[in-house]
Amino acid sequence: MNDDLEALRERLRTTGELARDKGEVWVEKLGPELSALPKGTVVAINCATGEYVLGKTRLEAADAFEKRFGKTLGWVHEVGGGVFLGGGIV
Amino acid sequence: MRSGVVFSWGEVLSDIIGHVDARNRPIILLPLPNDEDGLLVTVDTGFSGQLLIHDADFPRLKCELTDLRVPVELADRRTGVLAQARGRITWFGESLAVDILVATTERSYRAPPDEPTALLGTGLLNPNRLIVDFASRRVVISREE
């Protein structure tokens, strides 16, 4: 395995864990506010501040997130349920 | 059978043709802008996103990683976290911006050249028609206007 891949893998793993830890707390805090949004709305939450932007798709939410917050870690919450990956990843 | 594309009339692309491989996986060759080889993908109706790749294949797709992380629900009700990236594919003859989820798993390896590199999910299939004919080993995605 090359060093670039190892670095990428480590970066994705650590940012994923951090985003989940912070993101789930914000989703809990923002609960009533978020659940009032239309089903299917994509919410991209700034993990540091709890501020968020909305999109109809993940791409739209990602664009809005970068425009508003720049380079900062975010957590995606999809109202009514998010990505299902039946085959699974182990 | 070779995966390919079909023009119905003029330059309007109506069908994407693939095949069922020896492991009974529905496979299509997804054209990529500025990449002659394209991307071999498994059509997975159990995946609700658009495209999913493993980190080992991330450089191959020339996509851009975002700072968003996305929770996913697995079949056994466990949850995972994937990174979100954006990229472009050629879909029914037209360039399309797509949402790509990147999985990080230890011990995963880069897909061999003749093996599918990604999963294509219902986020791309919807609202089109998918036919997987195991009898004829043929896969057809037809555009619904």
I'd like to know if the side chain of A:Arg20 pairs up with that of B:Thr79 as donor and acceptor (distance under 3.5 Å, no hydrogens or angles considered).
yes
When clusters are formed by joining ILVMFWY residues with side-chain heavy atoms under 4.5 Å apart, either directly or through shared neighbours, do B:Ile16 and B:Val132 land in the same one?
yes
Joint cluster assignment, A:Leu54 & A:Leu59, ILVMFWY side-chain distance < 4.5 Å:
no
Go through the steps for A:Val83 and B:Leu52 under the test side-chain contact (heavy atoms from CB on, under 4.5 Å), then give the verdict.
CA-CA 11 Å; A:Val83 178; B:Leu52 181 144; over 6 Å; no
Applying a strict 4.5 Å limit to non-hydrogen atoms, the region of B:Ile100 in contact with chain A is neither
Does the side chain of A:Leu12 reach to within under 4.5 Å of the side chain of B:Asp55, using non-hydrogen atoms?
yes
Verify side-chain contact (heavy atoms from CB on, under 4.5 Å) between B:Val81 and A:Glu17, making sure each step is shown before the conclusion.
CA-CA 8 Å; B:Val81 178; A:Glu17 287 174 3; over 6 Å; no
Verify the neighbour count for atom CZ of A:Arg68: are there more than 12 heavy atoms of other residues, nucleotides or ligands below 6.0 Å?
yes
For a 4.5 angstrom cut-off between non-hydrogen side-chain atoms, does A:Glu66 reach B:Leu68?
no
Kindly work out whether a path of hydrophobic side-chain contacts (I/L/V/M/F/W/Y, heavy atoms less than 4.5 Å apart) joins B:Val20 to B:Leu130.
yes
Pick from B:Asp99, B:Val98, B:Leu65 with the largest number of heavy-atom pairs that fall under 4.5 Å of chain A:
B:Asp99
Okay, B:Ala83 and chain A: the region with an atom under 4.5 Å from a heavy atom over there is side chain
Nearest 0.5 Å please: distance from the CG atom of A:Leu85 over to the CD atom of B:Glu73.
10.0 Å
Determine whether more than 12 heavy atoms belonging to other residues, nucleotides or ligands lie under 6.0 Å from atom CD of B:Glu144.
yes
Between B:Ala75 and A:Gly86, which heavy-atom pair has the shortest distance, and what is it?
CB-O, 2.8 Å
Which atoms of A:Thr72 are under 4.5 Å from chain B, going by heavy atoms: the side chain, the backbone, both sets, or neither?
backbone
Hey, are the side chains of B:Thr104 and A:Glu10 touching, using non-hydrogen atoms and a 4.5 Å cut-off?
no
How far apart are the C-alpha atoms of B:Thr66 and A:Arg58, what are their side-chain angles, what is the distance that settles it, and do they pass the side-chain contact (heavy atoms from CB on, under 4.5 Å) test?
CA-CA 11 Å; B:Thr66 76; A:Arg58 280 187 296 278; over 6 Å; no
Co-membership, hydrophobic cluster, residues A:Val25 and A:Leu73, 4.5 Å side-chain:
no
Under a 4.5 Å cut-off applied to non-hydrogen side-chain atoms, are B:Val70 and A:Trp75 in contact?
no
Do you know the tightest heavy-atom contact between A:Gly82 and B:Ser48?
O-OG, 4.0 Å
Under a single-linkage definition using a 4.5 Å side-chain heavy-atom cutoff for Ile, Leu, Val, Met, Phe, Trp and Tyr, are A:Leu18 and A:Val27 assigned to the same hydrophobic cluster?
no
Just wondering, do A:Leu8 and B:Val102 contact through their side chains at under 4.5 Å, heavy atoms?
no
If we only count heavy atoms from C-beta on, is the B:Val72 to A:Phe84 side-chain gap below 4.5 Å?
no
Decide yes or no for B:Arg69 and A:Thr15: does some side-chain heavy atom of the first lie under 4.5 Å from some side-chain heavy atom of the second?
yes
What part of A:Asp4 is in contact with chain B, defined as an atom under 4.5 angstrom from a non-hydrogen atom: side chain, backbone, both or neither?
neither
